[in-house]
2 protein chains.
Amino acid sequence: MEDHKKRFDIIIRKLKDHGHKLTPQRLAIVTILARSEGHPSVEDIFHQIKKKFPTMSLATVYRNIVLIKSLGEVLELGFPDGSNRYDGNNPTPHPHVICIKCKKIVDPDLDSLDEIQKEVASETNFTILNHRLDFFGICSDCMAEKV
Amino acid sequence: MEDHKKRFDIIIRKLKDHGHKLTPQRLAIVTILARSEGHPSVEDIFHQIKKKFPTMSLATVYRNIVLIKSLGEVLELGFPDGSNRYDGNNPTPHPHVICIKCKKIVDPDLDSLDEIQKEVASETNFTILNHRLDFFGICSDCMAEKV
DNA sequence: ATCCTAATTGATAATGATTTTCAATTAACA
DNA sequence: TGTTAATTGAAAATCATTATCAATTAGGAT
């Protein structure tokens, strides 16, 4: 709970440091990103924000996500269907478990990939900067629905 | 080299088994997918195929990739910019190393993720079906260009 | 508190990747 | 060889995202 407040403050600090204005719309978007745990899509964020800001434009949501991403404060996951999901809560690379039915994303508690990353760097001669690790399957809720 | 021929034969067998016709266009697309090692995009495949089939439609390439994907014979990687890359050479989940500059994708030789996958399944109660592991960095060619 | 200005917003058009539609073509079976 | 359902080519449509532009406004200066 307190983590979300910290994340919010960090992102706001970053925005100020880069000379950006803190508009009510932007604050609302940062709030949603900072506290989100399910890696929402733009559509999810837009839908949620509509409750408090009925006239906010979808373009405003997109512009702000691009801005916060450019500051390194949100992790972006792209999917083959062209959609993207965002994590403002933990913007550094980390594993995900994704349900192929309901699209829910959860963060498992796994060991660091540092060792593997070093192995990869040494084998390929790439300068490795980050990674993406996702597991795809069916969550227990969706498994239960099959019954 | 012989692997490509095998992959081609496997995909062709799968298509036949599912009652699909073997048109010259489809054979050409399967050939490119089966021998590709760089995980080409639709644009890459279309560009390559134009040499032999100048009148082939982009829609034909898209339709055939969707078809082959539905047979489980091509691995699809989605990226945040909305583009997709395809591997018909090794369609099962495997690690990738991706250059963020030239977009080159190579397959490192890493140990299986089976252990981690079991750990994830047990921790999250998901039925894990597959995974995606990508490392992002800069390849040695692009590093050399910086000099 | 007021003024000013550049950043930001809202609405909408545009872009790029992909999918759909439909008439024409053709693979492959009888 | 004839037939037919699958497939193709061309172009329109769809969808996620970005760009444009007039209007609005956050926040710094006074």
Side-chain angles (χ1 to χ4, degrees), chain A residues 11-33 39-71 74-86 103, chain B residues 11-33 39-71 74-86 103:
Chain A
I11 299 176
I12 291 307
R13 175 85 266 143
K14 260 301 183 62
L15 284 163
K16 277 182 168 179
D17 287 347
H18 282 78
H20 296 294
K21 291 177 175 177
L22 304 180
T23 67
Q25 297 89 338
R26 183 163 289 161
L27 292 173
I29 291 164
V30 170
T31 299
I32 291 179
L33 284 173
H39 306 65
S41 63
V42 168
E43 190 62 34
D44 295 332
I45 295 167
F46 186 55
H47 188 77
Q48 218 178 320
I49 225 151
K50 277 289 202 185
K51 299 166 187 167
K52 191 178 175 186
F53 291 86
T55 62
M56 194 188 289
S57 169
L58 183 56
T60 298
V61 178
Y62 271 105
R63 266 193 305 261
N64 278 285
I65 288 176
V66 163
L67 174 61
I68 299 166
K69 193 179 81 176
S70 76
L71 301 180
V74 72
L75 183 73
E76 183 178 43
L77 297 172
F79 291 93
D81 67 2
S83 66
N84 287 317
R85 302 279 286 267
Y86 299 91
K103 314 296 182 186
Chain B
I11 300 176
I12 292 308
R13 176 84 265 142
K14 259 302 182 59
L15 284 163
K16 277 183 167 179
D17 287 347
H18 281 77
H20 296 294
K21 290 177 176 178
L22 304 180
T23 67
Q25 297 90 338
R26 182 163 288 162
L27 292 173
I29 292 165
V30 169
T31 297
I32 291 179
L33 285 173
H39 308 62
S41 63
V42 169
E43 188 62 33
D44 295 332
I45 295 166
F46 185 56
H47 188 76
Q48 219 177 320
I49 224 148
K50 277 289 201 182
K51 298 166 187 169
K52 193 178 173 186
F53 290 86
T55 62
M56 196 187 287
S57 169
L58 184 55
T60 297
V61 179
Y62 271 105
R63 265 194 301 260
N64 278 285
I65 289 176
V66 163
L67 174 62
I68 299 165
K69 194 181 81 178
S70 76
L71 301 180
V74 71
L75 183 73
E76 183 178 42
L77 297 172
F79 291 95
D81 67 1
S83 65
N84 288 317
R85 301 280 286 266
Y86 300 90
K103 314 296 179 187

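Quick note: numbers below take in every heavy atom, side chains included, and nothing from hydrogens, waters or symmetry partners. Every chain is numbered from 1 and lettered A, B, ... according to where its sequence line falls, protein lines coming before strand lines.
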**Request:** Can you figure out which of D/dA26, C/dT12, D/dA5 approaches the side chain of B/K21 most closely?
**Result:** D/dA5
**Request:** Scan A/N84 against the nucleic acid and name what it touches under 4.0 Å (heavy atoms): base, sugar-phosphate only, or nothing.
**Result:** sugar-phosphate
**Prompt:** Which of these, B/V74, B/L67, B/V66, sits in a side chain to side chain contact (heavy atoms under 4.5 Å, CB included) with B/S70?
**Reply:** B/L67
**Prompt:** Does A/K16 NZ have over 12 foreign heavy atoms under 6.0 Å away?
**Reply:** no
**Prompt:** Is the distance from OP1 or OP2 of C/dT18 to the nearest side-chain N or O of B/Y62 less than 4.0 Å?
**Reply:** yes
**Message:** Closest approach to the side chain of B/S57, judged atom by atom: which nucleotide of C/dT8, D/dA19, D/dG9 is it?
**Reply:** D/dG9
**A/R63 vs C/dA7: side-chain N/O to OP1/OP2 distance below 4.0 Å** = no
**Asked** Base, sugar-phosphate alone, or nothing: which one does B/P24 contact when heavy atoms must sit under 4.0 Å apart?
**Response** sugar-phosphate
**Item:** side chain to side chain contact (heavy atoms under 4.5 Å, CB included) evaluation trace for A/I12 with A/L27
**Value:** CA-CA 8 Å; A/I12 291 307; A/L27 292 173; 3.5 Å; yes
**Message:** For a quick test of reading the model: is some side-chain N or O of B/Q25 closer than 4.0 Å to OP1 or OP2 of C/dA27?
**Reply:** no
**Contact under 4.0 Å: A/T23 side-chain N or O vs C/dT9 OP1/OP2** = yes
**Prompt:** Think A/H20 has a side-chain N or O under 4.0 angstrom from the OP1 or OP2 of C/dT8?
**Reply:** yes
**Message:** Can you tell me if A/T60 touches the phosphate of C/dG10, counting only side-chain N or O atoms and a distance under 4.0 Å to OP1 or OP2?
**Reply:** yes
